[in-house]
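Only one structure is covered here, and it is reproduced in the block below.
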Number of protein chains: 2
Amino acid sequence: MNYQVELRHFIYFLAVAEELHYRKAAEKLFISQPGLSTQIKQMEEILQTQLFVRDKKKVRLTPAGEFLKKEVEFILNHLDQTKKQLKLIGHGHMGEVRIGFLGSAMQNVVPDLLVGLKEKYPLLHTTLEELSNRAQMNAILSDRLDLGFVRMSRVPKGLEVKPVFEDTFSLVLPQDHPIDSKNFKSIDQLVLEDFILFAQDYSPEYYDTVLSICEDSGFVPKVSHKSVHAQTIFKLVENKLGIAIVPTTLQHGFQMEVKFIEMKQIKQRAVLSMVWKADNRNPALKNCMDLLLKL
Amino acid sequence: MNYQVELRHFIYFLAVAEELHYRKAAEKLFISQPGLSTQIKQMEEILQTQLFVRDKKKVRLTPAGEFLKKEVEFILNHLDQTKKQLKLIGHGHMGEVRIGFLGSAMQNVVPDLLVGLKEKYPLLHTTLEELSNRAQMNAILSDRLDLGFVRMSRVPKGLEVKPVFEDTFSLVLPQDHPIDSKNFKSIDQLVLEDFILFAQDYSPEYYDTVLSICEDSGFVPKVSHKSVHAQTIFKLVENKLGIAIVPTTLQHGFQMEVKFIEMKQIKQRAVLSMVWKADNRNPALKNCMDLLLKL
DNA sequence: TCTACTTGATAATTCATAGTTATTAAATAA
DNA sequence: TTATTTAATAACTATGAATTATCAAGTAGA
């Protein structure tokens, strides 16, 4: 004799409990009446409890049957809900993506991604953390983050990287500086200035790129200040403590009294890339990245 | 292909999710490893969601699998609980018995039953309602009560009745009445008194019995007052508005200034019976009655 | 009270499939 | 390299769910 109730029993039981009529219940279930009868009988044996009374051909529930009916309804409903949610999670429409980013990605790429996700996968949660390039990669390797936005083209083994946004560089000058977009020709007009840059260990590739821009014009910049926050850099420029070279999109989103001169003619670009762990199994991550590449 | 998950799948899934090792999980389940493998695979197909990652022979849960694990734990626990409760209800150890009773049953039978039930079936609930003989029988017929305590030996079709307590009758007299247990010989000493009795329609058999007691002594009592409450009857006797004949056990449980004279020598007895519906399916009722007959 | 028609239960049989054994491929470990 | 361990696959077995055929008991209508 079988020793375990199955969901099949519950579904059959519920049909009989609702119809209180074996033949009709069997029809509803698309099985034969004798099959249904034996399954219900077997169920009563497994549970060691009588669920129905068959009195003069009238089928009725016992008190235990009434109780079980409520519970079975609950269990089957809960199971339905679970199956739906499971599918959503399995297909990356639900769940959580943990995202890290450089401050400079907060101007366009990250907000666009969040808006896109919200629209396409309203049940998907995101957590955001502003971190340095290195901190992001460590967090991704230790599975504390799913996705990072960095300015790095080479990443440690186990990680993958892909550019998502290319930006020109812009000169940042105090508002009353003699150089402006009209008379600006080349970066070597600013050989004598102090430079304010993002800290080397916060974003090494940015740092190297800026140095290479100057090198292409034949000079080595005098770096007077370093910072990890764009806000700080702009404040220093505003106060005439130096000039800066930053990705152009940074000119939006800050309250400041400085002027931007976009240097379209130089070949270097500020590349923002996404980074993730090659074997990350979060299905939401894939959807996230697919959406990002479509933007 | 199968189109329905079964509890079997859930139990297998949980074993693999806990062990993260097919062979070990299969051993724990006392089935073969290939059988387990195919069942899990089939489960993933039915749910259209990958639950495990098999990476270089390491078995791990996907995010969807993690989610399902929690849900399956809940469902299986809930089911266990339900099975236990179902068995208790089915065997009448849990649930509710709705009891009706005459006020005069509140002295011994009903309290004894309640104490006994509490001890033997602590999970069983009881509801109590004081009602007339007729009201109890109607309530039982319409399935509003499971069990009644009445003073009736004949009951309508569909009901069953069984005596549970036999009591002598007692005379109730004012404290300073000339008759006392010493000089009392026969009821005909009280021919001239006014009688106070329980109302005829509240308890017809009691009324008839009292009349037959008097008839046996060769007189018809003069009935001056009728009441449905013992308390009222005693108050009236106390105030010398008449004398009463009541079941002897009523002398306990009331604060009153009257004297009782037990009439052991007369043949009539006040019989308290339990009544129930022949086809009542409440399993707790049977336990209730069995216990009552053992008291 | 007879007949016709329900109802659910039982018996015999069929058939789907859960679970078996045997084997393989791939990954570690020695 | 070889030995061992892993999960997956293939072929087969056997359990038991579901089927058809039938029955007994009850109900309804004349």
Side-chain angles (χ1 to χ4, degrees), chain A residues 1-62 65 69 72 157-158 278-279 281, chain B residues 1-47 49-62 65 69 72 76 157-158 278-279 281:
Chain A
M1 177 47 62
N2 204 330
Y3 54 94
Q4 166 70 50
V5 228
E6 281 296 345
L7 289 178
R8 177 188 63 252
H9 292 117
F10 286 157
I11 291 162
Y12 291 180
F13 166 76
L14 205 57
V16 179
E18 276 165 4
E19 298 290 329
L20 292 177
H21 196 290
Y22 276 76
R23 189 182 49 75
K24 286 182 193 164
E27 266 171 31
K28 208 164 100 173
L29 294 165
F30 302 107
I31 61 168
S32 68
Q33 172 267 313
L36 181 57
S37 279
T38 49
Q39 283 298 299
I40 295 288
K41 197 180 160 200
Q42 186 193 336
M43 186 179 177
E44 289 181 324
E45 275 163 19
I46 295 169
L47 296 172
Q48 299 172 58
T49 308
Q50 205 185 332
L51 302 173
F52 294 102
V53 201
R54 292 83 158 174
D55 243 24
K56 312 188 174 183
K57 299 292 142 181
K58 286 268 186 298
V59 177
R60 278 178 301 149
L61 283 161
T62 60
K69 182 173 177 239
V72 164
K157 195 170 175 305
D279 63 355
R281 298 286 160 189
Chain B
M1 179 47 61
N2 204 332
Y3 54 92
Q4 165 70 48
V5 227
E6 282 297 345
L7 289 177
R8 178 188 63 252
H9 291 118
F10 285 159
I11 291 161
Y12 291 0
F13 166 76
L14 206 57
V16 179
E18 277 165 3
E19 298 290 329
L20 294 176
H21 196 289
Y22 276 76
R23 188 181 51 74
K24 285 181 193 164
E27 267 171 31
K28 206 164 101 175
L29 294 165
F30 301 106
I31 61 169
S32 67
Q33 171 267 312
L36 181 57
S37 278
T38 50
Q39 284 297 300
I40 295 288
K41 197 179 160 199
Q42 185 193 335
M43 186 178 178
E44 289 181 324
E45 275 162 20
I46 295 168
L47 295 171
T49 309
Q50 206 186 330
L51 301 173
F52 293 101
V53 201
R54 292 82 159 174
D55 244 26
K56 311 188 174 183
K57 301 290 145 182
K58 285 269 186 299
V59 177
R60 276 177 302 150
L61 282 161
T62 60
K69 183 174 178 237
V72 164
L76 294 183
K157 194 170 177 304
D279 65 353
R281 297 287 160 188

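Just so we're on the same page: letters track the sequence lines, and every chain starts at 1. Note that the coordinates shown come from a computational prediction; the quantities given were computed from them, not determined experimentally.
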Output all residues satisfying ring-ring contact (aromatic ring centres under 6.0 Å, His included) with B:F52, sequence neighbours left out; order by chain, then residue number.
B:F13
Hey, which of these two, A:Q39 or B:H21, hits DNA chain D nearer its 5' end, going by closest nucleotide?
B:H21
Nearest whole Å is fine: how far is D:dT6 C1' from B:L20 CG?
14 Å
In whole angstrom, what separates B:R60's CZ from D:dA7's C1'?
15 Å
Does any donor atom in the side chain of B:E45 or B:Q42 lie under 3.5 Å from an acceptor atom in the other side chain?
no
Separation of D:dA17 C1' from A:Q33 CD (nearest whole Å):
15 Å
Residue B:P34, side-chain atoms from C-beta onward, closest of D:dA8, D:dT20, C:dG19
D:dA8
Interatomic distance, B:F30 CZ vs C:dA18 P [rounded to whole Å]:
21 Å
Check ion pair B:K69-B:E18 (N to O, under 4.0 angstrom)
no
Grab the CD-C1' distance between B:E45 and C:dT17 for me, whole Å please.
14 Å
Check whether any side-chain nitrogen or oxygen of B:K41 sits under 4.0 Å from OP1 or OP2 of D:dT9, and answer yes or no.
yes
Below 4.0 angstrom from OP1 or OP2 of D:dA7, is there any side-chain N or O of B:S37?
no
Once you round to the nearest 0.5 Å, how far does CG of B:L36 lie from CD of B:E19?
10.5 Å
D:dA18 phosphate, OP1 or OP2, under 4.0 Å from A:S32 side-chain N/O:
no
What is the distance from NZ of B:K58 to P of C:dT28, rounded to the nearest Å?
6 Å
Roughly how many Å is it from CD1 in A:I40 to C1' in C:dT7, rounded to a whole number?
16 Å
Start with the C-alpha distance between A:L61 and A:V53, add both sets of side-chain angles, then the distance that settles side chain to side chain contact (heavy atoms under 4.5 Å, CB included), and finish with yes or no.
CA-CA 6 Å; A:L61 283 161; A:V53 201; over 6 Å; no
Rounded to the Å, how far apart are B:L29 CG and C:dT20 P?
10 Å
Tell me what A:Y12 touches on the nucleic acid: a base, only sugar-phosphate, or nothing, going by heavy atoms under 4.0 Å.
sugar-phosphate
Is there a side-chain polar atom (N or O) of B:R54 under 4.0 Å from OP1 or OP2 of D:dT6?
no
Has B:R23 got a side-chain N or O lying under 4.0 Å from the OP1 or OP2 atom of D:dT6?
yes
